[in-house]
Amino acid sequence: MSKFIMAQENARIISGEDKIFGINKKAQEMIASVGRDKVANATIGSLLDDSGNLVVLSSVVEVLKGLQPVDYAEYAPITGVPSFLQAAIKAVYMDHVPSCNIEAIATPGGTGAIHNTIQNYTKRGDTILTSDWYWSPYNTIAQEIERKLETYPLFDENFKFNHKGFSDKVRELLSREDRLVIIINTPAHNPTGYSLTLEDWDHVLALLKAEAEDKTKKIVLLVDAAYLDFAGDAKEFREFLPKLENLPDNLLPLIAYSMSKSFTLYGMRGGALICLSPNKAITDEFKMVNAFTNRGTWSNGTRCAMVALSRIFESKSLFDTVVSEREEALQLLLRRGTAFMKAAEKAGLVTCPFTLGFFAIVPCDQCDAVGEELQKDGIFTVPFGGRGLRVSVASISEEWCSILPAKMAAAIKKVNG
Ligand SMILES: Cc1ncc(COP(=O)(O)O)c(C=O)c1O
């Protein structure tokens with residue numbers, strides 16, 4: 001019998017519980033009773049300052065304030081404001097101009113870009129592939145449109161990218177289905193903070209090119225670049241991008257771009273899906289099918305977010321101001337990540353490989369119990385996938401970042417012996 005009264009579950013698993021929300025609520029209650037400085041709320045997926053307030057780039061807010069009423073009120077074109085699409089491509093590629101056809105379509109955040117990819121490049125019932133540590137909405141999005149998610153192990157026993165695990169899973173899925181969408185979230189992967197190295201990319205692409213020699217297969221590689229501007233040096237972490245140019249026609253790279261972190265506009269739902277192909281018919285088709293999906297889901301995106309990005313990219317001085325303000329936010333994150341990792345090493349706490357990101361992962365058994373143990377000390381983390389604790393270094397101070405690892409090591413020892 002259905003557990004719903006009026007609603008239909010439609011092959012989705014809808015539990016109604018939001019674990020993160022629940023833990024966050026507990027943290028807020030503790031803050032109210034003992035004070036903010038006694039609580040580390042490392043559950044939140046946004047960059048907060050040391051007082052717990054959202055970091056908002058004031059230069060971006062100024063751009064918004066300077067927009068005209070029509071920039072807020074008017075519909076955007078279904079595919080997005082043209083100058084925004086150019087700006088989104090520039091935001092990803094900076095000064096590099098890809099040597100192949102490139103198209104973009106506006107989406108509500110990176111989430112919309114992920115949805116569009118799954119909708120347009122797989123069929124109902126197909127399997128989407130991502131790593132075993134993954135941002136859980138991938139699964140929600142896949143289920144919502146009647147697809148399934150399977151995973152490969154992200155790390156091997158030496159905590160390096162698991163090339164064998166990746167290859168085995170890609171081959172297995174391509175032996176079952178002729179289509180495959182693979183989602184790779186890099187740089188600054190959520191939830192581990194790992195960024196694929198250039199060597200990792202060479203392995204990944206060599207495998208996919210070999211698989212694409214079978215022309216009956218259609219492989220789509222979605223790079224979820226939500227944290228592109230919070231990974232470290234902007235140029236260094238974009239060095240992999242030219243590797244995605246001029247791949248075989250049946251190996252299509254797409255990039256999910258998001259304004260949420262890069263411009264601290266989480267709520268404005270600005271994003272884009274970018275497509276690269278040596279074959280113009282494929283990029284034209286991309287535009288056509290994604291326009292259809294936009295129309296059939298959210299229609300058009302948030303015009304003022306699009307206009308704001310256009311303005312930022314139209315003015316060199318404005319762009320420089322935003323980038324230098326963002327650099328300060330990046331340095332804040334970097335100091336916290338470094339403090340956490342240094343303290344982890346000192347405390348002998350094992351973490352997943354971390355270059356930088358909003359989150360770090362501490363693998364451990366009985367993570368729910370360890371998480372509860374930590375809460376007694378005012379430390380709130382998120383048990384993740386039943387095999388680790390996710391720590392948001394983005395939402396706690398540098399001081400807390402250096403305190404947490406020893407406390408976590410002690411809690412793991414207490415619970416697991
Ligand atoms: C891994 C990952 N991908 C994509 C997104 C998309 O975010 P948005 O839809 O706000 O752009 C997020 C946001 O937290 C994320 O963590």
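Counting from 1, the numbers follow the sequence of the chain as shown. Both counts, for ligands and for their atoms, begin at 1 and track the order of listing. Since the model is a prediction, treat every value here as computed from it, not as a measurement. As a basis for the values below, the full set of heavy atoms in this structure was taken, side chains included, without hydrogen atoms, waters or symmetry mates.
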Is it the case that atom CZ in Arg295 sees more than 12 heavy atoms from other parts of the structure closer than 6.0 Å? no
With a 3.5 Å distance limit and no angle check, can you tell me whether Ser277 reaches the backbone of Leu252 through a side-chain donor-acceptor pair? no
Sidechain-backbone polar pair: Thr43 side chain, Phe380 backbone, donor-acceptor under 3.5 Å: no
Tell me whether Arg303 forms a cation-pi arrangement with Tyr75, defined as NZ or CZ under 6.0 Å from the six-membered ring centre and within 45 degrees of its axis. no
List of N/O pairs, ligand 1 versus protein, all under 3.5 Å?
residue  : atom   : partner : partner atom : Å
ligand 1 : 3 (N)  : Asp224  : OD1          : 3.3
ligand 1 : 3 (N)  : Asp224  : OD2          : 2.5
ligand 1 : 9 (O)  : Gly110  : N            : 3.3
ligand 1 : 9 (O)  : Thr111  : N            : 3.0
ligand 1 : 9 (O)  : Thr111  : OG1          : 2.5
ligand 1 : 9 (O)  : Arg269  : NH2          : 2.7
ligand 1 : 10 (O) : Ser260  : OG           : 2.6
ligand 1 : 10 (O) : Arg269  : NH1          : 2.9
ligand 1 : 11 (O) : Gly110  : N            : 2.6
ligand 1 : 11 (O) : Ser258  : OG           : 2.5
ligand 1 : 11 (O) : Ser260  : OG           : 3.1
ligand 1 : 14 (O) : Lys261  : NZ           : 2.6
ligand 1 : 16 (O) : Trp135  : NE1          : 3.4
ligand 1 : 16 (O) : Asn190  : ND2          : 2.8
ligand 1 : 16 (O) : Tyr227  : OH           : 2.7

Against the six-membered ring of Trp133, is Arg387 placed for a cation-pi contact (under 6.0 Å from the centre, within 45° of the normal)? yes
Between the side chain of Asp200 and the main-chain N/O of Thr197, is any donor-acceptor distance below 3.5 Å? yes
